[in-house]
Amino acid sequence: MKITESQLELLRSLKCERLSSKPENFSLIDDFYNTRNNSLVDTLQGDAYDDDENNRIAYYIVKTVDDKILFFFSLKCGLLYDEFIEGDRLKEIQSFYDTILRMSLDETQSVENKKAIASILESVRSKKGIKKEDVARVLHLSVDSDEFSKIFGKNLKNVGKTFPGVELVHFCANDAHRKVWDGYGLPQNLGTTVFWYFIVPKILEMLKIVGCEYVFLFAADLTPYEELIRYYSDQLKFEKADEHCVAIPMYDFTCQFMSQKTCELEGKRKQFFEEFND
């Protein structure tokens, strides 16, 4: 059944704004926490304000009328292409990410190492780049060693056809105020509603001024039944994609690349609100 006017009024009462648009937002994020993914929260409470202010990544927060933050997400321009990198180089990069991922799951790592490993994975996830010194310290290698050079060797190459896209970099609920959302009594969950009500309209508005063929994300899903991937597929309508590569293909070794065409968003959004109520 179609979304009701009273439900729409409730959604209209929520505010979605850039993180750096108001100085008070810097303190409002202090109580943000998420039991599933602390690294996303660390990013929000760490570099996010500066990244947003300098337009490296656009961070948005969804707030109630009394300024309780329910959710945050971020968007960043990206590029897809239709060609893979060379076999030997691919193997070296895959080996590196397998090592880092394995170390992240090792409970015997020191607290300092755990923080460094989490920082490396998150930097790659958000495509901010990683420092050679940080990787060398975690892997116990010299930056001048041959083994280390294999990881950071140059990989300049021409690619085939490119496809403009926008990446949903971060997508995270605030467990501190989850009861507020639950109290609204809406039949859809918070993340799904934020995506179709707030995120998709921003992408559709962007299409009026710039070409963008895909919206994509990287699902960091280590669950045995791919719960997160199934959520992105069932609720947000993303699909696993193998026909195109992202501009930084090594990213796919720790996360599942998923995408959907922007030309289909408006129709999918309309269907979501037409079927909002069971």
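What's counted below: heavy atoms across the whole structure, side chains too, no hydrogens, waters or symmetry copies.
Side-chain N/O atoms of T192 and Y231 include a donor and acceptor closer than 3.5 Å. Looking only at atom types and distance, the side chain of K68 has no donor-acceptor partner in the side chain of N174 under 3.5 Å away.
Under 4.0 Å is where a charged nitrogen must lie from a carboxylate oxygen, and between E5 and R12 at least one such pair does.
If you run side-chain contact (heavy atoms from CB on, under 4.5 Å) between Y59 and each of V169, D47, T43, only T43 comes through. The only member of F238, F71, Y232 that meets ring pair (Phe, Tyr, Trp, His ring centres under 6.0 Å) when paired with F195 is F238.
Within a 6.0 Å radius of NZ in K15, other residues, nucleotides and ligands contribute more than 12 heavy atoms.
I117 and V111 fall into different hydrophobic clusters, where Ile, Leu, Val, Met, Phe, Trp and Tyr side chains are chained together by heavy-atom contacts under 4.5 Å. Hydrophobic cluster membership is shared by I209 and V200, with clusters built from Ile, Leu, Val, Met, Phe, Trp and Tyr side chains linked at under 4.5 angstrom.
Here the CG-CG distance, from L44 to D51, works out to 11.0 Å after rounding to the nearest 0.5 Å. Here E239 contributes atom CD and S233 contributes atom OG; the two are 7.0 Å apart, rounded to the nearest 0.5 Å. For the atom pair CG of L11 and SG of C16, the computed distance is 12.0 Å after rounding to the nearest 0.5 Å. Here the SG-NZ distance, from C212 to K261, works out to 13.0 Å after rounding to the nearest 0.5 Å. Put simply, NZ on K115 and CD on E112 are 9.0 Å apart, with the number rounded to the nearest 0.5 Å. Rounded to the nearest 0.5 Å, atoms CZ (F73) and CD1 (I61) are 10.0 Å apart.
Taking the six-membered ring for Trp and thresholds of 30 and 60 degrees, F276 and F273 have nearly parallel ring planes, at less than 30 degrees apart.
Within the 4.5 Å cutoff, the side chain of F272 has heavy atoms near those of the Q188 side chain. Side-chain atoms of Y197 and L14, non-hydrogen and from C-beta on, never get closer than 4.5 Å to each other. Counting heavy atoms from C-beta on, the side chains of I199 and L75 come closer than 4.5 Å. Proximity of N277 to Q7: side-chain heavy atoms (C-beta onward) are separated by under 4.5 Å at one or more points.
In terms of modelled atom types and a separation under 3.5 Å, the side chain of Q45 and the main chain of I29 share a donor-acceptor contact. Put simply, the side chain of S39 never gets that close to the backbone of A118: no donor and acceptor are under 3.5 Å apart. Distance alone, capped at 3.5 Å, is enough to place a donor-acceptor pair between the N25 side chain and the L19 backbone. The closest donor-acceptor contact from the side chain of D52 to the backbone of A48 lies at 3.5 Å or more, if one exists at all.
Across K114 and D106, no two heavy atoms sit closer than the pair CE-O, 4.0 Å. What you find for A173 and N34 is that their closest heavy atoms are O-ND2, 3.0 Å. Contact detail for V65 and S13: the closest heavy-atom pair is CG1-O, 3.3 Å. Here the closest non-hydrogen pair linking M258 and I229 is CE-O, 3.7 Å. Of all heavy-atom pairs spanning L8 and I3, the tightest one is CD2-CD1, 3.8 Å. The two residues F257 and S259 make their nearest non-hydrogen contact at CZ-CB, 4.2 Å.
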* To do: Applying side-chain contact (heavy atoms from CB on, under 4.5 Å), run through F171 and L217 and close with a yes or a no.
  => CA-CA 10 Å; F171 187 75; L217 57 79; over 6 Å; no

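The stretch residues 265-278 participates, sequence neighbours left out, in these salt bridge (charged side-chain N to carboxylate O under 4.0 Å, His left out) pairs: E264-K268. Residue pairs meeting the salt bridge (charged side-chain N to carboxylate O under 4.0 Å, His left out) criterion with at least one member in residues 192-207, sequence neighbours excluded, are E205-K208. Counting only residues at least two apart or in different chains, salt bridge (charged side-chain N to carboxylate O under 4.0 Å, His left out) contacts with residues 20-44 comprise E17-K22.
Considering only residues two or more places apart in sequence or on other chains, F32 meets the ring pair (Phe, Tyr, Trp, His ring centres under 6.0 Å) condition with F72. Taking the ring pair (Phe, Tyr, Trp, His ring centres under 6.0 Å) definition, one finds that Y33 meets it with nothing, sequence neighbours left out. A search for side-chain hydrogen bond (donor to acceptor under 3.5 Å, both in side chains) contacts involving R178 returns D175, not counting sequence neighbours.
Cation-pi contact between R18 and Y60: present, with separation from the ring centre below 6.0 Å and deviation from the ring axis of at most 45°.
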